[in-house]
Amino acid sequence: MNENLFTSFATPTMMGLPIVILIIMFPSILFPSSNRLINNRLISIQQWLVQLTSKQMMTIHNNKGQTWTLMLMSLILFIGSTNLLGLLPHSFTPTTQLSMNLGMAIPLWAGTVFMGFRHKTKAALAHFLPQGTPIFLIPMLVIIETISLFIQPVALAVRLTANITAGHLLIHLIGGATLALMNISPSTALITFIILVLLTILEFAVAMIQAYVFTLLVSLYLHDNT
């Protein structure tokens, strides 16, 4: 219980060098590509899930938007696998770092905005000023819409960081309380342990949902600009 709550969120190092790059590259090992004519069950399930997700997410896009399919599917696989690996004991979750999430959100958001200004210039500019706006409200609305546009990548990154960090902190606190109560009140410790198990199951769902939400919002930004 004396351990700092935020120790698990510190960037791990080896011999004084950060190894976060190796941790980020590790999830790619979990999705092997098979050259066989008939795949095994694991790869078949992975391919079925990817096809199902891509079909659901990309049906709303035109031909220009569908060129982002590979990028968006890689994004959801990376975030989902990283979140799930972070639930393992004594592991590090890169998606708890706001800097990394901003590094994913800002380039993707900027790419969708640039596509909008390039291919749909009039429609992109029209978002800053809704039709029928009174003249005296035009400057204020332009400022508000500009701020809301630039807040989009920040909201993406903060949402992912906050949800993953909050779940890890709750697991840490309830796990520490369970250990402390084992010698004081075993019955209460059993109740907190059951809560811990249920919370862990919930965090598995949150890990996948947050990966889907992050990718879906990027997909919606892309749809608005293509």
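Any value given below was found using the heavy atoms of this structure, including those in side chains, with hydrogens, waters and symmetry copies removed.
Heavy-atom neighbours of Phe193 CZ from other residues, nucleotides or ligands within 6.0 Å: at or below the threshold of 12. Around the CG atom of Asn63, the shell of radius 6.0 Å holds no more than 12 heavy atoms that belong to other residues, nucleotides or ligands.
Side-chain heavy atoms closer than 4.5 Å link hydrophobic residues (I, L, V, M, F, W, Y) into clusters, and following such links, possibly through other members, connects Leu199 to Ile191. Cluster annotation: Leu160 is not connected to Val158 through the hydrophobic network of ILVMFWY side chains, with a link wherever side-chain heavy atoms come within less than 4.5 Å. Clustering ILVMFWY residues whenever any of their side-chain heavy atoms sit less than 4.5 angstrom apart, transitively, puts Val206 in a cluster other than the one holding Ile79. Under a hydrophobic-cluster definition in which Ile, Leu, Val, Met, Phe, Trp and Tyr are linked whenever side-chain heavy atoms come within less than 4.5 Å, directly or via other members, Leu216 and Met73 are assigned to the same cluster. By the criterion of side-chain heavy atoms lying less than 4.5 angstrom apart, applied directly or through intervening Ile, Leu, Val, Met, Phe, Trp or Tyr residues, Leu220 is grouped together with Ile209 in one hydrophobic cluster.
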Using the side chain to side chain donor-acceptor pair (under 3.5 Å) rule, take His168 and Thr96 through it: C-alpha gap first, then chi angles, then the decisive distance, then the call. CA-CA 9 Å; His168 286 208; Thr96 58; 5.9 Å; no

Would you check, one step at a time, whether the test side chain to side chain donor-acceptor pair (under 3.5 Å) holds for Thr192 with Thr178? CA-CA 6 Å; Thr192 56; Thr178 303; 3.1 Å; yes

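Across every non-hydrogen atom of Thr188 and Ser185, the tightest pair is OG1-OG, 2.8 Å. Across all non-hydrogen atoms, the minimal contact from Ser54 to Thr69 is CB-CG2, 4.2 Å. When all heavy atoms are compared, the tightest approach of Leu156 to Ala105 is CB-CB, 4.0 Å. The shortest heavy-atom contact between Pro94 and Thr82 is CD-CG2, 3.2 Å. Heavy atoms only, all atoms of each residue included: Ala207 and Leu84 are closest at CB-CD2, 3.9 Å. Nearest approach of Ala211 to Thr215, heavy atoms of both residues: O-OG1, 2.9 Å.
Considering OH of Tyr212 and OG of Ser219, their distance stands at 8.5 Å, rounded to 0.5 Å. Taken from CD1 in Ile60 to CD in Gln66, the straight-line distance is 10.0 Å, to the nearest 0.5 Å. Atom-to-atom distance recorded for Leu173:CG and Leu196:CG is 11.0 Å, nearest 0.5 angstrom. Rounded to the nearest 0.5 angstrom, Leu217 CG and Gln152 CD are separated by 9.0 Å. Taking OG1 from Thr95 and CZ from Phe78, the interatomic distance works out to 8.0 Å, rounded to the nearest 0.5 Å. In this structure, CZ on Phe214 lies 10.5 Å from CD on Gln210, to the nearest 0.5 angstrom.
The side-chain heavy atoms of Val218 and Leu72, taken from C-beta on, include a pair separated by under 4.5 Å. Residues Met71 and Leu108 form a side-chain contact, since some pair of their non-hydrogen atoms from C-beta on lies under 4.5 Å apart. Using a 4.5 Å cut-off on side-chain heavy atoms (C-beta onward), Thr161 and Met100 make no contact. At a threshold of 4.5 Å between non-hydrogen side-chain atoms, the residues Leu179 and Met182 count as touching. Within the 4.5 Å cutoff, the side chain of Leu198 has no heavy atoms near those of the Leu202 side chain. With a 4.5 Å cut-off on side-chain heavy atoms, Phe204 and Asn83 do not count as touching. Using a 4.5 Å cut-off on side-chain heavy atoms (C-beta onward), Leu222 and Lys64 make no contact. Contact check for Leu87 versus Thr200: no side-chain heavy atoms found under the 4.5 Å cut-off.
Outside the 6.0 Å centre-distance limit, the rings of Trp109 and Phe114 are not counted as a close aromatic pair.
Between the side chain of His119 and the backbone N or O of Asn225, no donor-acceptor pair lies under 3.5 Å.
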